[in-house]
Amino acid sequence: QTLYDEMEKNGRLNYFWQLAAASLVEQLYLANQNSEKYLSTFTDEAAANTTFRIVLILDALKRLSQYDPEIAPVAEALAPLEVLNATTVSELKSQIAEAKDKINAAREALVK
């Protein structure tokens with residue numbers, strides 16, 4: 001919240017959302033590399049909360065892309081991740097594995 005508030009105050013809120021997107025993709029990428037290790041401490045509630053945060057970030061990026069042309073490529077890069085909507089750890093592991101190529105593509109697009 002502090003980071004968001006400071007970036008908003010400085011007129012750099014678009015950077016916050018770019019940072020949030022990059023952080024999200026990196027976390028998904030790492031979880032996909034070894035889901036047994038990285039998701040071993042997750043509960044079903046944590047898995048559901050994680051995908052809920054993904055939905056919130058994707059929705060924010062989609063809405064902001066209508067007003068900020070710098071956000072549009074970020075929103076496009078992450079749009080395929082909308083398939084992540086798990087409510088259990090098992091679903092999250094499965095969905096992350098199935099979305100491996102989408103996660104990798106989003107990661108590559110953000111680096112460009």
Side-chain angles (χ1 to χ4, degrees):
Q1 185 65 48
T2 302
L3 180 61
Y4 179 92
D5 292 341
E6 287 300 313
M7 291 182 124
E8 181 179 36
K9 186 170 62 174
N10 294 324
R12 295 178 169 225
L13 200 50
N14 61 331
Y15 294 118
F16 172 83
W17 291 108
Q18 291 176 28
L19 178 64
S23 176
L24 168 66
V25 170
E26 282 302 306
Q27 290 172 31
L28 291 171
Y29 176 79
L30 288 173
N32 194 32
Q33 297 304 305
N34 189 344
S35 65
E36 293 303 320
K37 178 179 180 179
Y38 291 110
L39 300 179
S40 65
T41 60
F42 270 50
T43 63
D44 288 345
E45 182 180 3
N49 286 338
T50 297
T51 56
F52 180 65
R53 283 192 297 271
I54 292 168
V55 168
L56 292 177
I57 291 172
L58 295 176
D59 181 60
L61 290 170
K62 186 185 302 182
R63 290 173 188 254
L64 289 170
S65 69
Q66 297 172 9
Y67 307 101
D68 186 342
E70 290 183 20
I71 294 294
V74 177
E76 289 174 23
L78 270 66
L81 301 180
E82 290 178 344
V83 298
L84 301 173
N85 60 1
T87 57
T88 67
V89 175
S90 176
E91 286 177 350
L92 182 58
K93 287 179 183 178
S94 176
Q95 288 177 7
I96 287 175
E98 290 171 11
K100 179 180 182 176
D101 292 339
K102 293 175 183 180
I103 293 167
N104 290 341
R107 188 172 188 247
E108 288 178 20
L110 290 178
V111 173
K112 289 181 181 178

Any side-chain heavy-atom pair of Leu58 and Leu84 under 4.5 Å: no
Can you list, pair by pair, the side-chain donor-acceptor contacts under 3.5 Å of residues 102-109, counting residues two or more places apart and other chains?
residue	atom	partner	partner atom	Å
Asn104	ND2	Lys100	O	3.4
Arg107	NE	Glu26	OE2	2.6
Arg107	NH2	Glu26	OE1	3.4

Worked verdict on Val83 versus Gln95 for side chain to side chain contact (heavy atoms under 4.5 Å, CB included): CA-CA 8 Å; Val83 298; Gln95 288 177 7; over 6 Å; no
Inter-residue atom distance Thr41.OG1 - Leu39.CG, 0.5 Å rounding: 8.0 Å
Counterpart residues, side-chain contact (heavy atoms from CB on, under 4.5 Å), relative to Arg53 (two or more places apart): Asn49, Thr50
CZ on Phe16 to CG on Asp5, rounded to 0.5 Å: 9.0 Å
Any Thr87 side-chain heavy atom under 4.5 Å of Thr51 side chain: no
Donor-acceptor pair between Glu36 and Ser40 side chains, under 3.5 angstrom: no
Common cluster, Val55/Phe42, ILVMFWY with side-chain heavy-atom separation under 4.5 Å: no
Salt bridge flag under 4.0 Å for residues Asp59 and Arg63: yes
Inter-residue atom distance Ile57.CD1 - Leu81.CG, 0.5 Å rounding: 10.5 Å
side-chain contact (heavy atoms from CB on, under 4.5 Å) partners of Phe52, counting only residues at least two apart: Leu56
Separation of Glu91 CD from Asn85 CG (nearest 0.5 Å): 7.5 Å
Backbone of Asn32 reached by a side-chain donor or acceptor of Ser35 within 3.5 Å: no
Enclosure of Gln33 CD (heavy-atom neighbours >12, cutoff 6.0 Å): yes
Counterpart residues, ring pair (Phe, Tyr, Trp, His ring centres under 6.0 Å), relative to Tyr38 (two or more places apart): none
Value rounded to 0.5 Å, distance of CG in Leu78 from CD1 in Ile54: 9.0 Å
Nearest-0.5 Å distance, CE of residue Met7 to CG of residue Leu13: 8.5 Å
Test ring pair (Phe, Tyr, Trp, His ring centres under 6.0 Å) applied to Tyr29 - qualifying residues, sequence neighbours left out: none
Residue pair Val74, Asn14: steps toward the side chain to side chain contact (heavy atoms under 4.5 Å, CB included) verdict: CA-CA 10 Å; Val74 177; Asn14 61 331; over 6 Å; no
Sequence neighbours excluded, every pair satisfying salt bridge (charged side-chain N to carboxylate O under 4.0 Å, His left out) that has a member inside residues 64-84: Lys62-Glu82
